[in-house]
Amino acid sequence: MTANREKHDPAAEWRAVDEYFTAELLDEDTALAATRTSSARTTAPHIEVAPNQGGLLSLLAQMTGATRVLEFGTLAGYSTLWFARAVGECGRVVSLELEEQNAAVARENLDRARLGDRVDVLVGPAADSAQRLIEDGMEPFDLVFIDADKPNNPVYLAAALSLTRPGAVIVIDNVVRGGAVVDADSDDPRVQGVRQVVRDVSSHPDLDATAIQTVGEKGWDGLLIARRR
Ligand SMILES: C[S@@+](CC[C@H](N)C(=O)[O-])C[C@H]1O[C@@H](n2cnc3c(N)ncnc32)[C@H](O)[C@@H]1O
């Protein structure tokens, strides 16, 4: 660590701190570790949340007593697996994923962890899948995690609001994007997706929210947490 500080390699230091807390505090068993590794077989390897972020999502679900979780963006099912454990035996997780390849990897991981029976991975554009849930009168969710294609964040927030009850929590990942979020003129549609969803959250009469920037093995990013009144 001293050597790292002398060379001032922030990314290495952030990673080392993540690894320290993960080793000390988190119960990342073989099912979670194997799920993270299997992300290599998806269409977007290793863009899942870090272990300590998975732990945070799990704690948020448990602290809010969430038994029904909706997720936008499954990948290999790493965050899904944290949620599936957090909601308990009688809980339910619905995870929306564009790519059949990723959904197949995720289902394999969830089945291996014996959690497949409490998770539905729905394949297709998440906006369409969410619309179908709304039309089907899906029972409201307690917690929503938005972690799919960032330009569609505003669409996913609107769907989340139609699919949740008062008191529900909505978490939006990757809202800092290495600091790019403050660039109002950015031509990156992911940045504009974040900026629009921040405006939507802020102008919604029933949402209390904050955003926290983070550093770690995933670099400099952050998450927005909102709660419906
Ligand atoms: C950041 S990854 C999700 C990571 C996962 N939440 C985790 O932490 O383990 C984003 C996922 O969203 C999916 N995705 C991208 N565009 C999508 C869309 N329009 N509808 C549904 N899923 C989409 C990608 O295929 C990818 O699997």
Side-chain angles (χ1 to χ4, degrees), residues 18 22 26 28-29 31-61 66 69-87 93-110 112-113 115 119-134 141 143-160 163 169-178 188-191 193-194 197 214 216-219 221-225:
D18 265 6
T22 296
L26 289 158
E28 206 201 27
D29 61 5
L32 281 165
T35 298
R36 215 146 49 86
T37 307
S38 76
S39 173
R41 292 189 280 120
T42 67
T43 58
H46 305 306
I47 59 167
E48 68 281 346
V49 296
N52 52 355
Q53 294 168 333
L56 173 65
L57 295 173
S58 169
L59 280 173
L60 280 175
V69 171
L70 173 64
E71 175 175 69
F72 291 80
T74 316
L75 197 65
Y78 185 69
S79 52
T80 325
L81 204 158
W82 279 102
F83 282 130
R85 286 184 172 160
V87 297
V93 178
V94 177
S95 189
L96 312 181
E97 170 56 46
L98 180 65
E99 305 285 352
E100 180 56 58
Q101 177 182 336
N102 302 349
V105 173
R107 289 192 190 107
E108 196 183 295
N109 287 322
L110 293 158
R112 191 194 315 104
L115 294 164
V119 180
D120 294 311
V121 181
L122 306 183
V123 178
D128 297 351
S129 300
Q131 186 55 37
R132 267 195 302 280
L133 295 178
I134 294 166
F141 292 94
L143 189 150
V144 178
F145 181 45
I146 299 179
D147 187 24
D149 50 322
K150 312 307 169 185
N152 269 325
N153 274 346
V155 176
Y156 301 152
L157 174 69
L163 286 162
V169 170
I170 300 171
V171 181
I172 307 177
D173 201 11
N174 308 124
V175 296
V176 173
R177 315 206 64 80
D188 182 339
R190 296 167 302 179
V191 171
V194 170
V197 86
T214 56
E217 64 172 69
K218 300 288 169 179
D221 214 324
L223 69 164
L224 184 152
I225 304 180

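Whatever order the structure lists ligands and atoms in, that order sets their numbers, starting from 1.
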Between Asp173 and Lys218 (salt bridge meaning N to carboxylate O under 4.0 Å), is one present in this structure? no

Taking only residues two or more places apart in sequence, or in another chain, which ones meet Val119 in a side chain to side chain contact (heavy atoms under 4.5 Å, CB included)? Thr80, Ala84, Val93, Leu110, Val121

Got an N/O contact under 3.5 Å between [X] and ligand 1?
X: Pro125; result: no
X: Ala126; result: yes
X: Lys150; result: no
X: Val49; result: yes
X: Ser79; result: yes
X: Gly77; result: no

For [X], atoms of ligand 1 separated by under 4.0 Å from a heavy atom:
X: Asn102; result: 25 (O), 27 (O)
X: Ile47; result: 1 (C), 2 (S)
X: Tyr156; result: 18 (C), 19 (N), 20 (N)
X: Tyr78; result: 9 (O)
X: Glu99; result: 25 (O)
X: Gly124; result: 20 (N), 21 (C)
X: Gly73; result: 3 (C), 5 (C), 6 (N), 11 (C), 12 (O)

Does the side chain of [X] come under 3.5 Å of the side chain of [Y] through a donor N or O and an acceptor N or O?
X: Ser39; Y: Glu48; answer: yes
X: Asp149; Y: Tyr156; answer: yes
X: Glu28; Y: Thr22; answer: no

Rounded to the nearest 0.5 Å, what's the gap from [atom1] on [X] to [atom2] on [Y]? Could you check?
X: Asn153; Y: Arg190; atom1: CG; atom2: CZ; answer: 11.5 Å
X: Leu70; Y: Leu133; atom1: CG; atom2: CG; answer: 6.5 Å
X: Ser95; Y: Leu81; atom1: OG; atom2: CG; answer: 11.0 Å

Any non-hydrogen atom of Ala44 lying under 4.0 Å from ligand 1? no

Residue-ligand contact Ala76/ligand 1, heavy atom below 4.0 Å: no

Report the part of Thr80 (side chain from C-beta onward, or backbone N, CA, C, O) that has a heavy atom under 4.0 Å from ligand 1; answer both or neither where that applies. neither

Which residue supplies the protein heavy atom nearest to [atom], what is that atom called, and how far is it?
atom: atom 17 (C) of ligand 1; value: Asp149 OD1, 3.3 Å
atom: atom 27 (O) of ligand 1; value: Glu97 OE1, 2.6 Å
atom: atom 4 (C) of ligand 1; value: Asp147 OD2, 3.3 Å
atom: atom 22 (N) of ligand 1; value: Leu98 N, 3.0 Å

If you count every heavy atom of other residues, nucleotides or ligands that lies below 6.0 Å from Arg112 atom CZ, does the total exceed 12? yes

Keeping Glu97 on the side-chain end and Ala104 on the backbone end, is there a donor-acceptor pair under 3.5 Å? no

Which pair of non-hydrogen atoms, one from Ala126 and one from Phe72, has the smallest distance, and what is that distance? CB-CD2, 3.7 Å

Contacts of Phe141 that satisfy ring pair (Phe, Tyr, Trp, His ring centres under 6.0 Å) - sequence neighbours left out: none

